[in-house]
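Quantities reported herein were computed from a predicted structural model and do not represent experimental measurements.
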Amino acid sequence: ELGRLDEAKADIERMIAERGKGKVGTAMYQLLWRIAFLEGDQEAMPKYADLIEENPGEDGTFFLQLQEAFYDGRFQEGRQILDDFTVLIHQQERSELADRLRCEQAWVEGIVGNETLVSDYLDTPVEVESIHLDQVIGSAYTLALMGKSQQVEKMLSTAMELYPEATLLKHLHAPTLRAMIEHRRGDSEAAERLLRGAARYEQAPEADKFKLIRGLIHLELNQGEDAATAFKKIVEHPEQIVRFYYGFGTGTSWIEIPVAQVGLARAKAMTGDTAGARKAYEDFFEMWKDADPDIPLLKKAKAEYPRLKAGT
């Protein structure tokens, strides 16, 4: 996660050579696939995918396919992959994993503007006492995004009682969620204060949603410079997003990267950096060149781009 991809790749390949290809399981090949993804190595990715399928391991290339699909904006394909895998894991009596995946998918749909689809994946009341803390937090982020403030407050109160020693719940997620609530209520000072407090934990692996929310709130408050700084921490360091595990509520499905890319374009436009905004939009369009055309995030970005004044 420190961006030293060449070193990481060399270390993993050395470990595989020492142990033998058939004795390292799928984890090492999944990491190599992710490094190839970050480097844009389209030749290496299928090779590592084949090695993952050849080695015994849980769920094969499912997570890679799912993450790549949503990163690329191929939502219809991603939803089908998720639906097919959900059927399989229900048959395997792994309903908790299915619930976590659906929880993360609700966030994915909501953050790109597919608000009408959120309820398809977050379709039952959240019983804090009976589900994993990750899922509680993931559900809370989506509900806060949808403006369900009272429900989020109730969930947080119960979760804090159940998990009083959960450091990141107390110092990262709860302040971020409450900042979302205060911002929606119109109390920008309270929202910013809460975000400043949570910033101490922004290097935590679970801080992806915090980083994005901070940028979005700054953007809505017309604080272009602060928004750009927040979004750059995601856009310029994708290795901190593209990790080994899929979201499970507090992690990420990689959707934060394209959303932050659009946020960066908007922030640069807000500060008068027309050339920088144009470049940021174009980078997003390249990232989503194969995306479904009906995604609200993409439609809005395409409408905003031509309105940029000619820049140098």
Side-chain angles (χ1 to χ4, degrees), residues 59 61-156 159 173 176-177 180-181 184 208-209 212-213 216 241 245-260 262 288 290-301:
D59 305 326
T61 60
F62 159 72
F63 291 114
L64 306 182
Q65 296 173 38
L66 189 64
Q67 290 165 319
E68 186 182 15
F70 289 120
Y71 176 90
D72 290 343
R74 294 178 282 113
F75 271 55
Q76 290 188 22
E77 180 180 340
R79 292 182 196 117
Q80 188 60 57
I81 293 170
L82 178 60
D83 289 346
D84 291 346
F85 188 66
T86 299
V87 171
L88 175 63
I89 56 182
H90 272 303
Q91 293 173 348
Q92 298 171 342
E93 298 184 353
R94 299 161 65 196
S95 58
E96 182 179 351
L97 174 57
D99 290 342
R100 291 188 182 189
L101 290 172
R102 292 179 66 81
C103 168
E104 181 69 12
Q105 187 59 28
W107 164 261
V108 171
E109 299 290 357
I111 203 64
V112 300
N114 283 328
E115 296 181 3
T116 58
L117 296 179
V118 169
S119 61
D120 291 349
Y121 297 97
L122 198 63
D123 53 0
T124 57
V126 180
E127 300 294 340
V128 176
E129 298 87 349
S130 61
I131 61 176
H132 195 279
L133 178 59
D134 285 353
Q135 191 177 338
V136 174
I137 296 170
S139 300
Y141 273 110
T142 303
L143 291 168
L145 190 68
M146 298 296 102
K148 307 293 185 182
S149 300
Q150 290 185 346
Q151 192 171 350
V152 174
E153 289 280 20
K154 183 178 180 181
M155 290 170 63
L156 281 177
H173 300 302
T176 305
L177 290 161
M180 295 171 73
I181 292 170
R184 184 174 285 271
D208 303 318
K209 289 181 174 63
L212 185 63
I213 292 300
L216 293 173
I241 302 289
Y245 293 107
Y246 188 76
F248 293 174
T250 58
T252 180
S253 52
W254 305 358
I255 196 63
E256 285 82 359
I257 300 174
V259 174
V262 175
W288 273 27
D290 298 320
D292 301 341
D294 61 341
I295 302 173
L297 179 70
L298 179 60
K299 292 169 68 175
K300 289 181 180 179

List the residues meeting side chain to side chain contact (heavy atoms under 4.5 Å, CB included) with [X], not counting sequence neighbours, and say none if there are none.
X	answer
Q150	none
E115	M146
E77	R74, I81

Quick check: closest heavy atoms across [X] and [Y], and the distance to 0.1 Å?
X	Y	value
L122	S139	CD1-OG, 3.6 Å
V152	A144	CG2-N, 3.5 Å
P296	G113	CG-O, 3.4 Å
G147	R184	CA-NE, 3.2 Å
P293	L298	CA-CD2, 4.2 Å
L145	I111	CD2-N, 3.5 Å

Find the distance between [atom1] ([X]) and [atom2] ([Y]) and round it off to the nearest 0.5 Å.
X	Y	atom1	atom2	result
K148	L143	NZ	CG	8.0 Å
Q135	L101	CD	CG	9.5 Å
L66	W254	CG	CH2	9.5 Å
Y121	L82	OH	CG	6.0 Å
E153	L177	CD	CG	9.0 Å
D208	Y141	CG	OH	9.5 Å

Worked verdict on E256 versus W107 for side chain to side chain contact (heavy atoms under 4.5 Å, CB included): CA-CA 10 Å; E256 285 82 359; W107 164 261; 3.2 Å; yes
Can you say whether the rings of F75 and F70 are parallel (under 30°), tilted (30 to 60°) or perpendicular (over 60°)?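 Rings of F75 and F70: perpendicular, over 60°.
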If the condition is salt bridge (Lys or Arg N to Asp or Glu O under 4.0 Å), which residues does R79 pass it with, not counting sequence neighbours? E109
With sequence neighbours excluded, residues passing side chain to side chain donor-acceptor pair (under 3.5 Å) with Q76: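 Q76 satisfies side chain to side chain donor-acceptor pair (under 3.5 Å) with no residue once adjacent residues are dropped.
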Contacts of H132 meeting side chain to side chain donor-acceptor pair (under 3.5 Å) (sequence neighbours excluded), chain-then-number -> R100
